[in-house]
Amino acid sequence: MTNYIEDFVYVTLVLYLLAAGCYFLGNKNKSIARTGLLIAIAGIATNLMALISRALLVSRLPITNGAEFILSFSGFTVIAYAFYELKSRNNNAGGVVLMIAAMLVGSIVTLMPEQLGDVKPLMPALKSPWLTSHVLTAIFSYGGFALAAGLAAIQLWRANSSKGEEWIYKIVAVSFVMLTVTIVLGAIWAEQAWGRYWSWDPKETWALVTWIIYAVYLHLYRQKSWKGQKSNMLVVGGFILVLFTYFGVNFLLSGLHSYGG
Amino acid sequence: MILIKKTQRFLRFMSSMKIGLSLLAVIGLLAAIGSGISTDKYYQALPFKVILGLLLLNMALCTTNQVTKFFKHGLKAEKSSQILLRQIGMMTLHAGVVFILIGGSVYSFQGESTQIKIDQGQTVDMKTIFNQTKPFMIKLDDFNIDFNADGSPSQYFSHISLVENGAVTGEKDISVNNPFEYAGIKAYQSSFGYGVELQGESNTGWKEKKTLQESEFLQIPGTDKAIRIYKYIPNFDPEYGMQSKTLRPDNPRIVYSLYQKGSLLDVGAVSFGEKVEIQPGTTVQFNGVKPFSVLTVKRDPGLSLAMAGMLMLMAGTCLTLFLKQKKTGVVQ
Ligand code: HEM
């Protein structure tokens with residue numbers, strides 16, 4: 001199975017793109033949209049297969065290098081979306097969310113394909129239970145924010161519904177808890193590994209900026225004047241910051257996070 | 001009287017959520033700008049600290065308000081335990097941020113951090129590093145690296161002894177992610193390196209043993225020549241040139257350079273025990289390497305406060321926002 005990691009990734013990419021296409025086309029046609037969900041679930045399966053293969057290859061949780069992280073991120077985003085669709089019986093955001101997931105998987109094959117076969121052992125600094133939990137909660141929060149951003153984009157694009165607002169609020173709230181835990185666990189880990197719980201390195205700084213924008217959203221959500229489109233823009237903006245914290249910082253800015261020992 | 005009124009009005013103004021959120025937004029903006037400017041000084045600059053200070057004031061006031069309100073109206077019987085817990089969570093999380101900000105400022109006023117290099121066998125008196133600490137010394141007994149099968153490092157260990165009043169009172173292995181803590185001082189594995197053990201002799205009676213650090217010179221007595229350690233390569237492989245293939249000492253080499261009256265004469269690489277002829281009758285050989293460890297040492301009286309704040313923030317957000325879930329679906 002470990003020989004097929006790349007194939008699983010490519011198949012996942014194609015399935016997510018197909019699913020997104022079905023959702024966009026299925027705007028008026030229920031059965032096409034239903035097909036979209038089925039294809040998305042197949043995509044989840046191959047996404048998980050890719051992760052399991054990586055886990056077998058390196059004999060640890062597949063959440064350390066960039067490609068592993070993105071695969072977990074895309075997988076969790078689509079899983080969260082599937083639960084949301086089944087529970088809310090609303091598939092308006094399917095196209096946007098699946099496009100986000102496809103873009104994430106696409107970033108692996110374009111920006112970091114070599115990481116899929118990389119079997120180097122972990123650097124000493126990365127061997128910490130704090131770090132493992134830090135990355136796990138980051139995946140949950142990022143996936144949740146991706147879903148919330150997809151829903152908010154639809155609210156902005158099409159008509160705004162208060163039911164949609166509530167869903168967005170709930171998803172952001174849970175993801176915000178996860179982001180808070182992520183940042184705190186990261187700080188505890190940094191303190192153990194480097195002797196500083198906060199050093200204003202670019203990754204930390206942008207995670208803080210992201211955290212602030214969602215904290216502002218949570219407070220303003222209860223303010224009447226901020227209900228509606230303004231708060232949806234914060235949710236979309238927040239997710240753009242999430243992406244920048246990951247891609248922008250990794251590829252444009254340097255810092256402690258690009259070093260491990 | 002007017003002054004008290006003015007102060008009250010100022011405090012009320014400073015405790016508002018509008019001010020708090022504006023401060024948060026400003027901090028986010030400034031922090032983002034700073035990440036593009038790669039200087040450490042940016043975040044230590046006074047204006048930035050002042051804004052963080054204002055946020056601390058704002059949040060301390062708003063948390064106090066939350067707590068007073070809670071005790072005035074909070075404990076009414078008709079409130080469900082869920083709402084009660086949620087309010088407790090909310091106070092805990094805001095108080096957590098206050099604690100973190102206080103803990104951080106305690107460090108910036110009172111804390112210190114530096115790196116120390118200790119040779120194997122050397123003892124360092126902590127009093128010479130932080131004069132506010134209780135007197136104790138750290139001795140580096142040994143430094144070693146554990147390796148993975150492929151030769152990459154799996155862990156770095158400094159085996160140290162704690163020395164108080166001339167007697168060893170404890171031992172500890174410091175490794176990455178596993179610092180040493182004693183009397184308010186923490187020490188972290190940060191880096192390492194090697195000195196090279198050199199032995200020289202000549203037929204004119206010169207005999208010397210010495211440990212040289214990388215890039216250090218030794219003037220050879222009775223000659224106009226000097227030898228300099230360029231580099232210790234633990235696992236030499238011609239394909240990797242001057243880079244060591246791995247850190248594991250599978251094929252060690254010492255790269256040295258030889259100088260005459262300050263100008264470069266020769267560069268060479270030898271293994272341990274191999275003789276380098278400086279001139280007829282005068283030789284130098286390298287017997288091995290002696291490690292040193294670099295530790296980051298830190299004194300942070302605000303650390304426990306900041307850590308407590310982080311745990312409160314984490315627990316508080318969990319309580320507040322998870323408990324909220326059951327409610328919103330029905331009520332809003
Ligand atoms: C540093 C970042 C902050 C974080 C992470 C934070 C987090 C939160 C959270 C999660 C809630 C619950 C929101 C909800 O139930 O929807 C909340 C509520 C609240 N926060 Fe903050 N907060 C922060 C800063 C502030 C500041 C600066 C103020 C005011 C000066 C403030 C005042 C309040 C108040 C009054 C509430 C209650 C709102 C209500 O029940 O309607 N918070 N905060």
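Below, read A as the first sequence line, B as the second, and so on, with proteins coming before strands; counting in each chain starts at 1. These numbers come from a predicted model, not from an experiment.
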Looking only at Gly28(B), Ala31(B), Ala32(B), Ser152(B), the option with the highest number of non-hydrogen pairs under 4.5 Å against chain A is Ala32(B)

Measure Leu218(A) against the heavy atoms of chain B and call it side chain, backbone, both or neither at under 4.5 Å. side chain

May I have the list of side-chain donor-acceptor pairs in residues 113-121 of chain A shorter than 3.5 Å, sequence neighbours left out?
{"residue": "Gln115(A)", "atom": "OE1", "partner": "Gly66(A)", "partner atom": "N", "Å": "2.9"}
{"residue": "Gln115(A)", "atom": "OE1", "partner": "Ala67(A)", "partner atom": "N", "Å": "2.8"}
{"residue": "Asp118(A)", "atom": "OD1", "partner": "Lys120(A)", "partner atom": "N", "Å": "3.0"}

Side chain / backbone / both / neither for Asn148(B) at chain A, heavy atoms under 4.5 Å: side chain

Identify which part of Met17(B) has an atom lying under 4.5 Å from any heavy atom of chain A, answering side chain, backbone, both or neither. side chain

Would one find more than 12 heavy atoms of other residues, nucleotides or ligands at under 6.0 Å from atom NZ of Lys18(B)? no

Can you give each donor-acceptor pair under 3.5 Å made by side-chain atoms of residues 179-187 of chain B, sequence neighbours left out, with the distance rounded to 0.1 Å?
{"residue": "Tyr182(B)", "atom": "OH", "partner": "Lys134(B)", "partner atom": "NZ", "Å": "3.4"}
{"residue": "Tyr182(B)", "atom": "OH", "partner": "Glu164(B)", "partner atom": "OE1", "Å": "3.3"}
{"residue": "Tyr182(B)", "atom": "OH", "partner": "Glu164(B)", "partner atom": "OE2", "Å": "2.4"}
{"residue": "Lys186(B)", "atom": "NZ", "partner": "Glu191(A)", "partner atom": "OE1", "Å": "3.0"}
{"residue": "Lys186(B)", "atom": "NZ", "partner": "Glu191(A)", "partner atom": "OE2", "Å": "3.3"}

Quick check on Asp146(B) against chain A: is it the side chain, the backbone, both or neither that has a heavy atom closer than 4.5 Å? neither

Does atom CH2 of Trp130(A) have more than 12 heavy-atom neighbours, drawn from other residues, nucleotides or ligands, at distances under 6.0 Å? no

So, the part of Lys127(A) with a heavy atom under 4.5 Å from chain B: the answer is both

Do other residues, nucleotides or ligands put more than 12 heavy atoms under 6.0 Å from the CZ atom of Phe99(B)? no

